[in-house]
Amino acid sequence: MRRYFLLLLLGWLAGGAQAQPDPLIINVDGRRTTSLHGSWAAIVDPFDVGYRTYRNTPSGNSFFRHRRPQHPADRIEYSFEDAPRLEVPGDWNSQRLELFFYEGTVWYQRTFTYRLPADRRLFLYFGAANYEAIVALNGQVLGRHEGGFTPFNFEITELVHDGENDLVVYVNNRRRAEGVPTDNMDWWNYGGLTRRVLLVETPRTFVRDYFVQLDPADPSFLTGWVQLDGPERTLTVTLRLPELGLVQTIRPDTSGRGTFRLRVPERLERWSPEHPRRYRVELATRYETVVDSIGFRTIETRGTELLLNGRPIFLRGISIHEEAPFEGRRAFSKEDARVLLGWARELGCNFVRLAHYPHNEAMVRTAEAMGLLVWAEIPVYWTIQWENPHTLELARQQLRELITRDKNRAAVILWSVANETPRGEARLRFLRTLIDEARRLDPTRLVTAALEHRYVNDTTIVIDDELGRYLDVLGNNEYIGWYDGPPEKARRVVWQNAYDKPLIMSEWGGGAKAGFHGPAEQIWTEEYQARLYREQIAMLRRIPFLVGMSPWILKDFRSPRRPLARIQDYWNRKGVISDRGQRKQAFYVLQAFYRELAQSAIND
Ligand code: GCB
C-alpha cells in the first residue's frame, strides 16, 4: 500500500519530485551568495495532509502550491501566512518543546526577492536537510534529495522572477529501515533545514568543481582538474597560487573538464597540525575568479605506520557528534565549530573523528585552520539493508556528496565507509563498492572503517574482519571497562592484527554524569570513567600497530536510546565534557596522556 501510494505521489508530481538535484557547486564560500537565513513559516504535518487526501490519493491542493483564499468562501485548510515560525538554519526539535521527539513532516516556506542579470545563473543551495527534502519554487517542484548530512543544489535560473519569489520546502525526518542511516542509531534524529540555505549566483559558464592536491605518486607536483558548467565548456581557466608564483593555463575539453599537473617550488610549506599553512588558490575564467584556501600534504601508510608528509604520526584524537556546545541542538555555525574544536585542542588533540555522518562544512574548514586532522564518515551505521540496491545507491550518493564537498581540505586524511557493521557476504560486497567509489573519486586519501574485533580466547583479541583486507587503515571500536567487563580487564588483553596495516582505536570510553562523585567502583561517577581511561591508556600503549585513537566522545550528546532518569535523561554520558561544558575527570586523564605524547613527538 505504501509503495502504491508513493508511486501515485511521484506520478502526480509529474516527475518533479523525482528530479535529482543539479551537480553540486563546491566552495560556496568563494561565490556570490545571498543568505536565506532567518525566520521561515513552518507547518507541522504529522499525517502528510500537505500532499494526500483521506483516500490516500495525491491531494490536488498540495502545500507546494501555496494557495491563499481569493474569496470569502474559499476553504483552504492551511496557511503559511499564519503558521508558527522556525529559525533556519536550525533543527526543529530544539526550537519548540512539542517537536522535541517529533519525527515526520514539516513544511517550510519563505519569500525572497531577487533580480538576476540576464547573463547570470542562480542556484538554491542547501547545506543539509534531514532527512528527505522536496523543494518547490513559485509552485513548481524542483526535485528531491535524500540524506540528512550532505549538501545539494537546484538551478532556478529559469524559474526565479524579478521581484518576489515563493519557496516551499517539504522536510521529513521519519526514520526508515532502508535509509542511510537506518532506523536504529545512537544519536538524536534532529529534523529540519539544519544547515545554511543560500542563493548562489554564477556566470552562465562557471567553475563548478575542482580538485587541487599534491600528486601522491610524486609530491613535487601539483595535480588535479577543474570542471566547468555552462554553454562555453572549453573556456580557458587560469590556475594561480600567487604566494608560490604559480600560474597555469587549463584548457577544458568539450565536457568542461580540464586537467593539470605542475611542478611546485621547493619552498612550498606543507600543511601539518603544527603548521596548518594554507595557500590562496585562484581559478579564473574571463567571467569570474573563484578563490579558495588550500593546504598541501601527503598521507600514506607503510606497513603498520601512518605517514604524514613522509613521517610517522600518532593521531591524538577524540570523536565528536555534530551537536552544539552548551545546548542540545544540531551544530551548524562557525562559532559552534570553534568551541567544539577548541575543546579538542585544549585536550591536546591533533585529530578528530567527525562521527557518524558528514558534519557541516564549517567544522571541516575550522579543523583545517586549527591544524586538526579529520576522519570523515558517512552514516553506514550498524545493520543497514545490505541487500537493498536502493540503500547502496543512497550510501554511495552520500559518499559522493561528502567527497565532492571536502576533497580539497588538507585536514581530511581518512574517508570512513562504515561503523560497527556485522560481518557477512552481502555487507562485504556493499562496502567494497563504497571503498572502490571513494578511491575512484579521490586517490589522494586513505579509506577506513570502524570495525569490530573477535576474541580468540579470554585475553586475546584479533582484528581480522575480512573488510580489513580492502581498507588502508583499520579502525576498531572496543568498550573494555564498559560493555565488555571491568576496566581492569584491559590489563590482561593482548591485541593481534591479521593485517600489516595501521590501527586507529576509533572508539573506547564509558559514561559519567558530570558532578557525580563517589568510589571508582561506582558506575556513572566521574571516578569510574577516569579509572576506565587510565586502564585503557595503559593497554593502548602496549599495541605496537596502533597509530591513533579517538575515544568516545568529546561531549555528552542527546540520544533517544538513553532513558535512564537522573543520570542520562536522554543523553549519552560518555563525553569527557558534559553537555554544559564541564570537564570531567577523564578529560584531564586523557589530556595528560596527550601532553606526554606530544612532548615525546617533539623529542623524536
Ligand atoms: C558505539 C557506537 C556509538 C555509540 C557508542 C555507545 O559503539 O559506534 O555510536 O554511541 O557505541 O555509546 O554505546
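If you read the sequence from its start, that first residue is 1, and numbering goes on from there. Since this is a predicted model, take the numbers as computed values, not measurements. As the structure lists them, so they are numbered: ligands from 1, and atoms in each ligand from 1.
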For Gln397 and Glu401, does a side-chain donor sit closer than 3.5 Å to a side-chain acceptor? yes

Considering only heavy atoms of Asn477, which atoms of ligand 1 have at least one such atom less than 4.0 Å away? 8 (O)

Shortest protein heavy-atom distance from atom 10 (O) of ligand 1, along with the residue and atom involved: Asp186 OD2, 2.6 Å

In short, salt bridge (Lys or Arg N to Asp or Glu O under 4.0 Å) pairs touching residues 512-532 with sequence neighbours left out are Glu488-Arg531

For a quick test of reading the model, state the closest non-hydrogen atom pair linking Leu354 to His359 and the distance between them. C-NE2, 3.4 Å

Once you measure the plane-to-plane angle for Trp482 and Trp524, does it fall in the parallel (<30°), tilted (30-60°) or perpendicular (>60°) bin? perpendicular

Nearest to atom 13 (O) of ligand 1 by heavy atom, Trp482, Tyr479, Tyr483, Trp382: which? Tyr483

Tell me: protein heavy atom nearest atom 7 (O) of ligand 1, and distance? Glu420 OE2, 2.2 Å

Check: His356 ring centroid to Trp382 ring centroid under 6.0 Å: no

Answer side chain, backbone, both or neither: which part of His356 comes under 4.0 Å from ligand 1, heavy atoms only. side chain

Give the numbers and elements of all ligand 1 atoms closer than 4.0 Å to a heavy atom of Arg562. 6 (C), 12 (O), 13 (O)

Using a 6.0 Å distance limit plus a 45 degree cone around the ring axis, check whether Arg583 lies over the aromatic ring of Phe587. yes

Would you mind running through ligand 1 and noting each atom that sits below 4.0 Å from a heavy atom of Glu507? 1 (C), 2 (C), 3 (C), 5 (C), 7 (O), 8 (O), 11 (O)

Under a 3.5 Å cutoff, is there a donor and acceptor pairing between the side chains of Tyr190 and Glu323? yes

Measure the acute angle between the ring planes of Tyr533 and Trp508, then classify it against the limits of 30° and 60° as parallel, tilted or perpendicular. tilted

Enumerated ligand 1 atoms positioned under 4.0 Å from heavy atoms of Asn572: 6 (C), 10 (O), 12 (O)

Phe557: numbered ligand 1 atoms lying under 4.0 Å from its heavy atoms: 10 (O)

Can you tell me which portion of Tyr381 lies within the under-4.0 Å heavy-atom range of ligand 1? Options are side chain, backbone, both, or neither. side chain

Counting non-hydrogen protein atoms only, what is the nearest one to atom 12 (O) of ligand 1? Give residue, atom name and distance. Lys574 NZ, 2.6 Å

